[in-house]
Enquirer: 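Starting off with a structure, shown below.
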There are 2 protein chains.
Amino acid sequence: MSTSASEKKDSSTEEKIKTAAKTVFYKKGFAATRTRDIAEEAGLNLALLNYYFRSKAKLFEIIMAETFAGFIGSMKVILDDEKTSLEQKVITIAERYIDFISVEPEIPTFILTEIRNNPEELLKRLPIKEIVNDSVFIKQFQEAVQNKEITEPNPLHFLMNLLGLVVFPFIVKPIIMGSRNLETEQFHALMQERKKKIPIWINMMFKA
Amino acid sequence: MSTSASEKKDSSTEEKIKTAAKTVFYKKGFAATRTRDIAEEAGLNLALLNYYFRSKAKLFEIIMAETFAGFIGSMKVILDDEKTSLEQKVITIAERYIDFISVEPEIPTFILTEIRNNPEELLKRLPIKEIVNDSVFIKQFQEAVQNKEITEPNPLHFLMNLLGLVVFPFIVKPIIMGSRNLETEQFHALMQERKKKIPIWINMMFKA
DNA sequence: AAGTTTTTTAATCATTTGATTAAAAAACTT
DNA sequence: AAGTTTTTTAATCAAATGATTAAAAAACTT
């Protein structure tokens, strides 16, 4: 082998295919993606997809698993941090996820269509129940309820609201931009504003 | 013709196809839908789809146009009502859309994937700019800002937050249900709660 | 350098799928 | 009832598409 380990990781055929597959699957979804699209995006012969990944479905599964792991994994880390308060967790989630999605804006809709197409598979793969219920976040939330710092007893409303405020604007981005003739730059400015505002809004909604 | 006008509208072949197409397109999206799936769902011969609608794409366009018209049309009516206050508009939107989506829970993801797949076509078809900017809602919002009843000057944040709070939970419904082992019934109860809570939350977020 | 293994390519296959066609059936008109 | 139009059906087509194969090229080993 003449290439270094890191170079291999970035520029190997296998990695090129995965990168191309991400791009195309994110943009078009599984059903609308042609294996030929991926091969072309990667600048490689079509047969290499099957040589390295056996089938379109297997390749998709890998992309999906990595995407979900990245998305949920960082959530788990934040929710499980013993050292941060509830408020700090909200701040971190808003900040990190707005930054993350700004870089990969196709991911939310990709995940949401996958939720639609394969909810059982998804739940099998992701230990959502454990991540939510066994988290430091849930403990802190319940304490805050008991101490009457928070009026809403159901943590699901809290999480739905927080994630909805963060994610929803990205999903409807073209409508937002179309509704006021915004440029991409202005949309991003709007989302930067929301980094600061969402924690304040959440406080206003839930603080007693 | 031996059937009455209303009977024809409900049970004609054309209508059966549209109903079946809605069901399948909503659930699987355009690319993953086979015309044979629609024919089977409708209990009709495959060739009839082309006889009545020329092509899969044309049939899809019709379903899409009707779906969007229904979704945005009622929004326009609410936003343009001279007789209701801002607060009442929020109450009406939360109530009506939660009821509407509860009956057709596939619609949000259907629309969101269409936003992804065809943003230009969508904006061409829907006069979002006019609906938002020329609405009574915008006037009322700006007045409220001037009278310092509302702290947030940007109506986009207001609309994104309101619609996010309403729509987002439906999009992630399987995750919500999986995270706490909810039955469909309990999920619906949760959404009924939100009918009342969303207007309160919006007030808390935006009222000075 | 010769031999071996791994990777890549062009060509091809088999199936799926949207669409068409021609004939049959049903509905309608006179 | 006979003739005409509309609707429905079964069979078929052509293109797209995921996958395979066998040979060529490249990389690696000795």
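Numbers restart at 1 for each chain; the letters A, B, ... are given by sequence-line order, proteins then strands.
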Enquirer: Just the rounded figure in Å: distance from P of C:dA26 to CG of B:L44.
Expert: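 In whole Å, C:dA26 P lies 15 Å from B:L44 CG.
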
Enquirer: Would you say NZ of A:K89 has more than 12 non-hydrogen atoms from neighbouring residues, nucleotides or ligands within 6.0 angstrom?
Expert: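 Yes - once you tally the heavy atoms of other residues, nucleotides and ligands closer than 6.0 Å, there are more than 12.
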
Enquirer: What's the CD-P distance between B:E61 and C:dG18, to the nearest Å?
Expert: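 Taking CD of B:E61 and P of C:dG18, I get 16 Å after rounding.
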
Enquirer: What nucleic acid atoms does A:L46 come within less than 4.0 Å of, heavy atoms only: base, sugar-phosphate, or nothing?
Expert: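 Result for A:L46 = base.
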
Enquirer: Can you see whether A:N161 engages B:R194 through a side-chain donor-acceptor pair at a distance of less than 3.5 angstrom?
Expert: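 Result is yes, a qualifying pair exists.
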
Enquirer: Look through every strand shown and name the nucleotide pairing with C:dA27 as Watson-Crick or G-U wobble, where both distances are under 3.5 Å.
Expert: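 WC or wobble partner is D:dT4.
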
Enquirer: Report the nucleotide, chosen from D:dT9, C:dT8, D:dG18, that has the shortest atom-to-atom distance to any side-chain atom of A:L48.
Expert: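 Taking heavy atoms from C-beta onward, the closest nucleotide is C:dT8.
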
Enquirer: Using OP1 and OP2 only, check whether a side-chain N or O of A:N45 sits under 4.0 Å from C:dT8.
Expert: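 For C:dT8, neither OP1 nor OP2 has a side-chain N or O of A:N45 closer than 4.0 Å.
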
Enquirer: Using atom CD of A:E40 as one end and atom P of D:dG18 as the other, report the distance to the nearest whole Å.
Expert: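 Rounded to the whole Å, the gap is 13 Å.
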
Enquirer: Indicate yes or no: at least one non-hydrogen side-chain atom of A:P169 is less than 4.5 angstrom from one of A:L190.
Expert: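 No, side chains not in contact.
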
Enquirer: Does atom CZ of A:R125 have more than 12 heavy-atom neighbours from other groups under 6.0 Å away?
Expert: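 Correct, the count exceeds 12.
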
Enquirer: Compare the minimum distances between each of C:dT7, D:dT20, D:dT7 and the side chain of A:N50, then state the nucleotide with the smallest one.
Expert: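 The nucleotide sitting nearest to the side chain is D:dT20.
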
Enquirer: Are OP1 or OP2 of C:dG18 and a side-chain N or O of B:R34 less than 4.0 angstrom apart?
Expert: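 So the side chain of B:R34 is within the cut-off, an N or O lying under 4.0 Å from OP1 or OP2 of C:dG18.
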
Enquirer: Which of these nucleotides, C:dA19, D:dT7, C:dT8, is closest to any side-chain atom of A:Y52?
Expert: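 Within the option list, the nearest is C:dT8.
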
Enquirer: Round to a whole Å and report the spacing from NZ of A:K56 to P of D:dG18.
Expert: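 Checked: the NZ to P distance equals 5 Å.
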
Enquirer: Would you call the rings of A:F158 and A:F206 parallel, tilted or perpendicular, where under 30° means parallel and over 60° means perpendicular?
Expert: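 Rings of A:F158 and A:F206: tilted, 30 to 60°.
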
Enquirer: Round to a whole Å and report the spacing from CG of B:D37 to C1' of C:dT16.
Expert: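 It works out to 12 Å between those atoms.
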
Enquirer: Specify the separation, in whole Å, of atom CD of B:E14 and atom C1' of D:dT6.
Expert: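 Distance check: B:E14 CD to D:dT6 C1' gives 13 Å.
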
Enquirer: Between C:dA19, C:dT7, C:dT21, which nucleotide gets closest to the side-chain atoms of B:A47?
Expert: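 The answer is C:dT21, which lies nearest to the side chain.
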
Enquirer: Any strand is fair game: report the nucleotide pairing with D:dG18 by Watson-Crick or G-U wobble, both distances under 3.5 Å, or none.
Expert: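 WC or wobble partner is C:dC13.
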
Enquirer: When you measure from the side-chain N and O atoms of A:T35 to the phosphate of D:dG18, is any distance below 4.0 Å, counting only OP1 and OP2?
Expert: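 Answer is yes, contact under 4.0 Å.
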
Enquirer: On the nucleotide C:dT8, are OP1 or OP2 found under 4.0 Å from the side-chain N or O atoms that A:T13 carries?
Expert: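 A:T13 to C:dT8 OP1/OP2: side-chain N or O found under 4.0 Å.
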
Enquirer: Starting from C1' on C:dT21, measure out to OH on B:Y51 and report it in whole angstrom.
Expert: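 The answer, rounded to whole Å, is 14 Å.
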
Enquirer: What is the distance, rounded to the nearest whole Å, between atom CZ of A:F53 and atom P of D:dA19?
Expert: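 Between P of D:dA19 and CZ of A:F53: 13 Å.
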
Enquirer: Does the D:dG18 base have a donor-acceptor partner in the side chain of A:R36 within less than 3.5 Å?
Expert: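 Side chain to base: pair present.
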
